[in-house]
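Numbers here are sequence positions counted from 1. Whatever order the structure lists them in is the order used to number ligands and atoms, beginning at 1. All values reported here derive from a predicted model rather than from experimental measurement.
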Amino acid sequence: EVQGKRLLPLCLYIAVFKNTFLDFFTMQKGMVNSMKVIMLGAPGAGKGTQAKMIAEKYGVPHISTGDIFRANIKEGTELGMEAKKYMDQGQLVPDELTVRILLDRVAKDDCKNGYVLDGFPRTIPQAEVLDKALSEINDKIDYAINVDVPDENIINRMGGRRACLSCGATYHMVHIPPKKEGICDVCGQPLVLRDDDKPETVKNRLDVYHKQTQPLIDFYNAKGILKSVDGTVDMKDVFAAIVAILG
Ligand code: AP5
Ligand code: MG
């Protein structure tokens, strides 16, 4: 009975201050989770696959410029029409347009604890604009993770990939098939072979990658934040290697 009497005030205390406790712990969690990560890697290296897993584990948004463009193409917006001209050829969308979209996106409220950027930056000028925008608010990127996969493996993967243009989920006919053939597990929409996953376009995308994006590996290495992981192993093992880096 004495114990009961002691517990009662404690319970009342917890009931009254519960939200304060929760806020405190959420804040702590937010602080621990606060991280800004860039995914580097060739087209089809698994940037999107890993970025989604990182976003889920660390509670930060996954931001893919490719997904943003594809959503706009699907909705038939002006931005979508402009981006499609380049994407269908396997070329990069001009920096000016891409940078504007990305900076708008990372300024949103859900990015205050960090984010995973997938497919941005893709050129040195894009990386410099991002750096400058972050340093103006006393901020910086924590890690640039390079998912390393040789060109030979890429060609195979792309032909098997199926994408949901509604929610951005990605599948592979052999490695990660959807529960129901041709239908997205997440939103029930039909899965498609992306227009730019046709073999001749994949080759262009690889050329563009080597010329314009690969130099970013040296760029982030010089800043001391580059980490490379072997992207040819099972995706769970790729993720384990990334978690070992991010902590
Ligand atoms: P974007 O959408 O970014 O395409 P990408 O870089 O070509 O990369 P992908 O999305 O094709 O591959 P991924 O690395 O995400 O691999 P995924 O996880 O899907 O960009 C498309 C276009 O938009 C660009 O070409 C450009 O025109 C434009 N664009 C976008 N951003 C731009 C920017 N910043 N500047 C200018 N233009 C821009 O995996 C691939 C497949 O492999 C999947 O089927 C997956 O299931 C499978 N897979 C993944 N991991 C593994 C594994 N470990 N083992 C076996 N299979 C795996
Ligand atoms: Mg992707």
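- Among the atoms of Asp118, none of the N or O lies under 3.5 angstrom from an N or O of ligand 1.
- In the hydrophobic cluster analysis, where Ile, Leu, Val, Met, Phe, Trp and Tyr join through side-chain heavy atoms closer than 4.5 angstrom, Ile68 is grouped apart from Ile54.
- Ligand 1 lies out of reach of Gly160, whose nearest heavy atom is not under 4.0 Å from it.
- Looking at Arg122, Gln50, Arg205 and measuring to atom 24 (C) of ligand 1, the nearest heavy atom belongs to Arg122.
- Under 4.0 Å from ligand 1, the heavy atoms of Ala42 that appear belong solely to its backbone.
- At a heavy-atom distance under 4.0 Å, atoms from both the backbone and the side chain of Val93 approach ligand 1.
- Of the possible donor and acceptor atoms, none in the side chain of Thr201 sits under 3.5 Å from a partner among the backbone N and O of Gly90.
- The pair Asp104-Arg100 does not count as a salt bridge, with every side-chain nitrogen at least 4.0 angstrom from each carboxylate oxygen.
- Heavy atoms of Gln91 found under 4.0 angstrom from ligand 1 belong exclusively to the backbone.
- Between Gly231 and Val238 the shortest heavy-atom distance is CA-CG2, 4.1 Å.
- Residue-to-ligand polar distances keep Asp67 apart from ligand 1: every N/O pair is separated by 3.5 Å or more.
- For residues 205-247, there are no ring-ring contact (aromatic ring centres under 6.0 Å, His included) pairs, not counting sequence neighbours.
- Close approach to Pro43 involves these atoms of ligand 1, each under 4.0 Å from a residue heavy atom: 5 (P), 6 (O), 7 (O), 8 (O), 12 (O).
- By the criterion of a heavy-atom distance under 4.0 Å, the side chain of Asp196, and not its backbone, is placed next to ligand 1.
- Salt bridge status for Arg194 with Asp88: absent, with no side-chain N to carboxylate O gap under 4.0 Å.
- Residue contacts with ligand 1 include Tyr171, since one or more of its heavy atoms lies under 4.0 Å from the ligand.
- Numbered from 1 in the order shown, with element, the atoms of ligand 1 that lie under 4.0 Å from a heavy atom of Gly231 read 53 (N).
- Counting only non-hydrogen atoms, the option in Arg162, Met53, Arg70 that gets closest to atom 2 (O) of ligand 1 is Arg70.
- Looking at Phe69 against ligand 1, only its side chain comes within 4.0 Å, counting heavy atoms.
- The side-chain hydrogen bond (donor to acceptor under 3.5 Å, both in side chains) test with Lys36 is passed by exactly one of Asp139, Asn113, Asp142: Asp139.
- In the vicinity of Gln126, heavy-atom distances shorter than 4.0 Å reach the ligand 1 atoms 33 (C), 34 (N), 35 (N), 36 (C).
- Closest heavy-atom approach to atom 54 (N) of ligand 1 among the candidates Lys236, Arg194, Arg157: Arg157.
- More than 12 heavy atoms of other residues, nucleotides or ligands lie within 6.0 Å of CD in Glu128, so this atom counts as buried by the packing criterion.
- The heavy atom nearest to atom 23 (O) of ligand 1, out of those in Met173, Met87, Gln89, is found in Met87.
- Here atom 48 (N) of ligand 1 lies nearest to Met235 when heavy atoms of Met235, Met158, His175, His172 are compared.
- Looking only at heavy atoms of the protein, atom 8 (O) of ligand 1 is closest to Lys47 NZ, 3.2 Å.
- Between Gly46 and ligand 1, an N or O atom pair is found at a separation short of 3.5 Å.
- When Thr98, Leu206, Thr49, Ile176 are ranked by how near their heavy atoms come to atom 33 (C) of ligand 1, first place goes to Thr98.
- Side-chain contact check for Thr232 and Asn153: no donor-acceptor pair (N or O, by modelled atom type) lies under 3.5 Å.
- Polar contact with ligand 1: absent for Val238 (N/O pair, distance under 3.5 Å).
- Residue Asp131 is tested with Lys140, Lys223, Gln126 for a side-chain hydrogen bond (donor to acceptor under 3.5 Å, both in side chains); the sole match is Lys223.
- Ligand-side atoms of ligand 1 in range of Gly48: 13 (P), 15 (O), 18 (O), range being under 4.0 angstrom from any heavy atom.
- The protein atom (non-hydrogen) at minimum distance from atom 53 (N) of ligand 1 is Val233 O, 2.8 Å.
- Between the CG atom of Asn204 and the CG atom of Asp196 there is a distance of 10.5 Å, given to the nearest 0.5 Å.
- The shortest N or O to N or O distance between Arg161 and ligand 1 is below 3.5 Å.
- In this structure, Asp95 has no heavy atom closer than 4.0 Å to ligand 1.
- Note that the CD1 atom of Ile101 and the CG atom of Leu79 stand 4.0 Å from one another [nearest 0.5 Å].
- Annotation: atom 31 (N) of ligand 1 to nearest protein heavy atom, Thr65 OG1, 2.8 Å.
- Contact annotation: the side chain of Arg162 never approaches that of Pro178 to less than 4.5 Å [non-hydrogen atoms, C-beta and beyond].
- Distances shorter than 4.0 angstrom do not occur between any heavy atom of Ser64 and any atom of ligand 1.
- Scanning the protein for heavy atoms near atom 12 (O) of ligand 1, the closest one is Gly44 N, 2.8 Å.
- Between the side chains of Ser64 and Lys47, no donor-acceptor pair is found at a separation under 3.5 Å.
- No single ILVMFWY cluster, assembled from side-chain heavy atoms under 4.5 Å apart, contains both Met39 and Ile176.
- Residue contact annotation: Gly90 has no non-hydrogen atom under 4.0 Å from ligand 1.
- A cation-pi arrangement is not found for Lys84 relative to Phe69, the charged atom failing to lie both closer than 6.0 Å to the ring centre and inside a 45° cone about the ring normal.
- Heavy-atom contacts of Gly119 reach the following atoms of ligand 1: 31 (N), 32 (C), 33 (C), 34 (N) (cutoff under 4.0 Å).
- Annotation: side chain of Ile225 is in contact with side chain of Ile141 (closest heavy-atom distance under 4.5 Å).
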